2 protein chains.
Amino acid sequence: MSDTTNIKALLDSDTTLARRPSLGEEAAEKLREMILLEKFPPGTALPETELSKALGISRTPLREAMRLLEIDGLVEHSDTRRARVAAPSLEELAQNLMVLGALEGLAGEQVCLNATQAQLDLIANLNKRMIEEAPSADPLSAFRLDMEFHRAIVLAAANPSLLETHRQYNARLWRARFISSKRRAHQETKRVMHQSIVDALLARDQNAASNALRRHLDNAVRNIDVAMKEQSQGPIDNNFTGRAVK
Amino acid sequence: MSDTTNIKALLDSDTTLARRPSLGEEAAEKLREMILLEKFPPGTALPETELSKALGISRTPLREAMRLLEIDGLVEHSDTRRARVAAPSLEELAQNLMVLGALEGLAGEQVCLNATQAQLDLIANLNKRMIEEAPSADPLSAFRLDMEFHRAIVLAAANPSLLETHRQYNARLWRARFISSKRRAHQETKRVMHQSIVDALLARDQNAASNALRRHLDNAVRNIDVAMKEQSQGPIDNNFTGRAVK
DNA sequence: ATACAGTTTTTTGTATACAGTATTCAAGTA
DNA sequence: TACTTGAATACTGTATACAAAAAACTGTAT
């Protein structure tokens, strides 16, 4: 074996050579952020020419970005193929949450069966961090940590397809859940439920884990209902039908 | 109200005006068929220029088709972005079946809760037809009927996102399950399991329905394992790495 | 004012050209 | 033979042009 073979092996293995993202992927990332943070509120029209100019790219990669966002349920197309920011009804959100519950329930079962102790510890640690940082953290960071907790569970299930589908449902539910997460009243119930999830996982009790995760999301349906009604009566009137704000 | 208003209202409502599909959607449909029926065996390279010429379209809509097929898990891209027919390992198939099981389990629960009696009858009827036609039908029609049965259950769950995600997982599992379905030995177990699914749904017993559906798919993992090993030892040597057959 | 028809403007679908990468192949070297 | 190198080839990413479809707008008649 020559010593250059070693070099090649090293280059292949160690660096996670993330091939540079395409313009479409980059655009999707920027747009995703803007949609989630409501720079583009639900219902906003997303004309290709205007957006591509704004992002300094041509329509070809922009269209790729739109398709990526459509996969995540953040963009939808009218019957005449005009793209807009998705504006799911409460019913649709509830339906998506139900699927998310089934996915996380499965993940919980698999974690009980297959996860290493290190992975369990990591999940438990995230929960601990959430409790500690809860009083001081701003709503966005707190919510991101919450999402990371759920993602860690699915990650430990060691099922790439499940992880990807979970990511998609998370994306399309992100906004509604973020709004809901800001309600003080929900914080304490959330804490209790997270604890029961962690307890079930550490005990490797499949049924308890699955049930705790699904109940947690059943609860989310109710919270979102309340939170959204509350917000729509609030002082700031969101633009639900207009065009992209420049 | 003028009488022309009536005409407009009628045109809007009654025809399910399926907007004409784009070239990309049409191409995806053709390619999907060819992949599922193994005209393009797993691993086959799918270069854009060659395929677009073969289909008589330009690369732009062809690329859209590839993305559609990637969503369904029928096409995957190498690390250097070259497309090929997906060639899932047995492990990946098992992982996908697990997710499918969770999705159908959820569907079963929802059917018990929400489906109309008419929808339940439709499902029971499909099962009846399967039993009746089983002896005479060719493997492909029999399998299509089987898939229709499962789809009818998810349809009756009245959750569009669930239906779409279920469709995607079905697509990526289609080939393996079709191969498995041809084994005589599996026919009888399948019949029994289908019956227990129908019984649970008719009784609107959520837990029984969910469990029957999930067990059915757990069983599929084992069957696919056996069937694939059997086939790979068979007389016809499939092309697993070559280029598109012309 | 409302509804309608015809026209203009906007927007999307598709083809094509070209640049940048990846792959293949052939010749040369140890 | 096995390995490297460099040129030739094939393939993908992106920009752009043009056609077809949809939406917005205009003036007119009711």
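Remember, predicted model here, so these are calculated numbers, not experimental data. Heavy-atom basis, side chains included; hydrogens, waters and symmetry copies ignored. Order of the sequence lines fixes the chain letters, A, B, ..., with proteins taken first and strands second; residue numbering starts at 1 for each chain.
The two residues A:Y169 and B:L162 have their closest heavy-atom pair at OH-N, 4.0 Å.
Relative ring orientation between A:W174 and A:F143 is described as perpendicular, the plane-to-plane angle rising above 60° on a 0-90° scale split at 30° and 60°.
As rounded to whole Å, 14 Å separates atom P of D:dC11 from atom NE2 of B:H77. Computed from coordinates, the A:K53 NZ to D:dT16 P distance equals 11 Å when rounded to whole Å. Atom-to-atom, CZ of B:R84 to P of C:dA22 comes out at 15 Å; the value is rounded to the nearest Å. A:L51 has its CG atom 11 Å from the P atom of C:dT11, to the nearest Å. One interatomic measurement links the two molecules: CD of B:E25 to C1' of C:dT12, which rounds to 13 Å at whole-angstrom precision. Taking atom CD of residue A:E50 and atom C1' of nucleotide C:dT9, one finds them 15 Å apart after rounding to whole Å. Rounded to whole Å, atom C1' of D:dT16 lies 14 Å from atom CD1 of A:I57.
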Review item, nucleotides 17-23 of chain D N/O atoms under 3.5 Å of protein N/O:
residue: D:dA23; atom: OP1; partner: A:T80; partner atom: OG1; Å: 3.1

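Contact check on A:E164 versus A:R167 returns a salt bridge, with a Lys/Arg side-chain nitrogen under 4.0 Å from an Asp/Glu carboxylate oxygen. Using a 4.0 Å cut-off between a side-chain N of Lys or Arg and a carboxylate O of Asp or Glu, A:E38 and A:R175 qualify as a salt bridge.
Nearer to the 5' terminus of DNA chain D, by closest-nucleotide assignment, is the contact made by B:E48 (compared with the other of B:E48 and A:P61).
The side chain of A:E64 sits closest to D:dT14 out of C:dA15, D:dC11, D:dT14. With distances taken from any side-chain atom of A:S58 to the nucleotides C:dT12, D:dT12, D:dT14, the minimum falls on D:dT14. When distances are taken from the side chain of A:R81 to each of C:dT14, C:dT12, D:dT14, the shortest belongs to C:dT12.
A:T60 has no side-chain polar atom (N or O) that falls below the 4.0 Å cut-off from OP1 or OP2 of D:dT14.
Taking the side-chain hydrogen bond (donor to acceptor under 3.5 Å, both in side chains) definition, one finds that B:E26 meets it with nothing, sequence neighbours left out. Looking at residues two or more places apart in sequence or on another chain, you find a side-chain hydrogen bond (donor to acceptor under 3.5 Å, both in side chains) between A:N96 and B:S161.
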Go through B:E25 and B:R19 one step at a time and tell me if the salt bridge (Lys or Arg N to Asp or Glu O under 4.0 Å) criterion holds.
CA-CA 12 Å; B:E25 288 166 336; B:R19 69 182 197 301; 3.4 Å; yes

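Using a 4.0 Å heavy-atom criterion, one finds that A:S22 contacts the sugar-phosphate atoms exclusively.
Across all strands shown, C:dA17 is found opposite D:dT14 as a Watson-Crick or G-U wobble partner, with both distances under 3.5 Å.
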